[in-house]
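Data block below; observations after.
Quick caveat: nothing in here was measured; it's all calculated off a predicted structure.
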Amino acid sequence: ILQDECPVKSTCDNWFNADPRFVDADGADNLPGTIDDDFRIQATSAALDMGSNGYLNAKVTTDFAGLARTVDGDGNGTATVDLGAHEFQGYDLQLRLTAAPAAVAPGTQITYSLNISNGGAIIASAIVLTAEKPAQVTLLGMSSSGLVITQTSASPLRWQVGDLAAGKSGTITLTGVVTGAGWVNMPVSVSGAAGDIVPGNNAATVGVYLTGIRYVAANAAGDVHDGISWATAFTTVQSALVSSFAGDEIWVAGGTYYPD
């Protein structure tokens, strides 16, 4: 990478014009060439993953700072060496969700745990956690552990989360009462500043199953047959069986039914 142009009276091959976006090229003293210069690259650097692993000596496993020499800096699934002495060391926000109990009767209290961890090598910042609370859930309480959070929205639920150091984690816990029938799902996502090296683990959905009555009526009218009421009853017993879980009851209206 050459910023601006090839130097006068020089021959430059295989180069491109770009800002390498060093963290702080002239350091805190604003003097280039001194010991506090920081030539690590940022997540938006043109040097990111632009090297060739084929040129790496097998013994070279770390960069100038002693950190991993090949990192998947752009999150495309392939760890490729960066241009320059320093390899970009990204963060990796990971999202893990649980709901307990996993199957409940309508009106029962449920607890959601939204766990965020940083599996990368640097601090994750500008973190935002978003949860699409189902209409069937009425929140009763919220708490956090290991995280500094500020709620910024109630619909959808959204929190600004404080910086999360490498290897650290924290959890937001929600309690509520759930009503309705069938599956109740809550999609959750987390994001941060540019530099997440594995963005594929930043979204997930947690679900609970509401036990109850599944209705079957061979002559049920209408286009919707989800078994939640007589008005939307399943038309076959088999449909009710495959859609039910432990704790459910199946009510069948009078009629003639045949095995599928």
Mark yes or no for whether [X], through its side chain, and [Y], through its backbone, hold a donor-acceptor pair below 3.5 Å.
X      : Y      : answer
Gln160 : Ile149 : no
Thr211 : Asp248 : no
Asp72  : Gly77  : yes
Asp92  : Asn118 : no
His225 : Thr232 : no
Ser45  : Pro20  : yes
Glu132 : Val188 : no
Glu249 : Ile213 : no
Tyr257 : Ala218 : yes

In Å, rounded to the nearest 0.5 Å, how long is the span from [atom1] of [X] to [atom2] of [Y]?
X      : Y      : atom1 : atom2 : answer
Ile116 : Thr171 : CD1   : OG1   : 8.5 Å
Ile122 : Arg40  : CD1   : CZ    : 8.0 Å
His86  : Phe64  : NE2   : CZ    : 5.5 Å
Leu95  : Ser191 : CG    : OG    : 11.0 Å

Nearest atoms (heavy-atom pairs only) where [X] meets [Y]:
X      : Y      : answer
Thr179 : Val184 : O-CG2, 4.5 Å
Gly73  : Phe88  : CA-CD2, 4.3 Å
Val208 : Ala99  : CG1-CB, 3.4 Å
Ala124 : Leu93  : CB-CD2, 3.8 Å
Glu87  : Val71  : OE2-N, 3.0 Å
Ala68  : Gln89  : O-NE2, 2.9 Å

Are a donor atom and an acceptor atom from the side chains of [X] and [Y] found within less than 3.5 Å of each other?
X      : Y      : value
Asn115 : Ser113 : no
Thr130 : Arg158 : yes
Thr34  : Asp29  : yes
Ser189 : Asn202 : no
Asp49  : Asn76  : no

Open item on the list: Run the side-chain contact (heavy atoms from CB on, under 4.5 Å) test on Leu164 and Ile123 for me, step by step, so that the C-alpha distance in whole Å, both residues' side-chain angles and the decisive distance to 0.1 Å come before the verdict.
Closed with: CA-CA 6 Å; Leu164 193 61; Ile123 291 175; over 6 Å; no

Task: For Gln151, the option from Leu157, Ile172, Leu129 that meets side chain to side chain contact (heavy atoms under 4.5 Å, CB included) - done: Leu157

For the hydrophobic clusters of this structure (ILVMFWY residues joined by side-chain heavy atoms under 4.5 Å, transitively), does one cluster hold both [X] and [Y]?
X      : Y      : value
Val178 : Met186 : yes
Val60  : Ile41  : no
Phe234 : Leu210 : no
Val252 : Ile228 : no
Leu56  : Met50  : no

TODO: Report the C-alpha separation of Tyr112 and Leu97 in whole Å, then their side-chain angles, then the decisive distance to 0.1 Å, and conclude whether the side-chain contact (heavy atoms from CB on, under 4.5 Å) test is met.
DONE: CA-CA 7 Å; Tyr112 292 101; Leu97 312 176; over 6 Å; no

Would you check if [X] and [Y] make a side-chain contact, meaning some heavy-atom pair closer than 4.5 Å?
X      : Y      : answer
Trp159 : Leu114 : yes
Leu48  : Asp82  : yes
Phe22  : Asp38  : no
Ile127 : Val190 : yes
Leu174 : Leu139 : yes

Just wondering, are more than 12 heavy atoms of other shown residues or ligands nearer than 6.0 Å to [atom1] in [X]?
X      : atom1 : result
Asn219 : CG    : no
Lys168 : NZ    : no
Trp251 : CH2   : no

Open item on the list: One pair to check against side-chain contact (heavy atoms from CB on, under 4.5 Å): Asn53 and Thr80. What are the steps and the verdict?
Closed with: CA-CA 6 Å; Asn53 292 350; Thr80 304; 4.0 Å; yes

Open item on the list: Before we go on, tell me: are the rings of Phe245 and Trp183 under 6.0 Å apart, centre to centre?
Closed with: yes

TODO: Show your reasoning for whether side-chain contact (heavy atoms from CB on, under 4.5 Å) applies to Val216 and Ile250.
DONE: CA-CA 7 Å; Val216 181; Ile250 297 177; 3.9 Å; yes

Task: Residue pairs involving residues 96-108 (criterion side chain to side chain donor-acceptor pair (under 3.5 Å); sequence neighbours excluded) - done: Gln94-Arg96, Arg96-Ser117

Task: salt_bridge(Asp63, Arg69) N-O dist < 4.0 Å - done: no

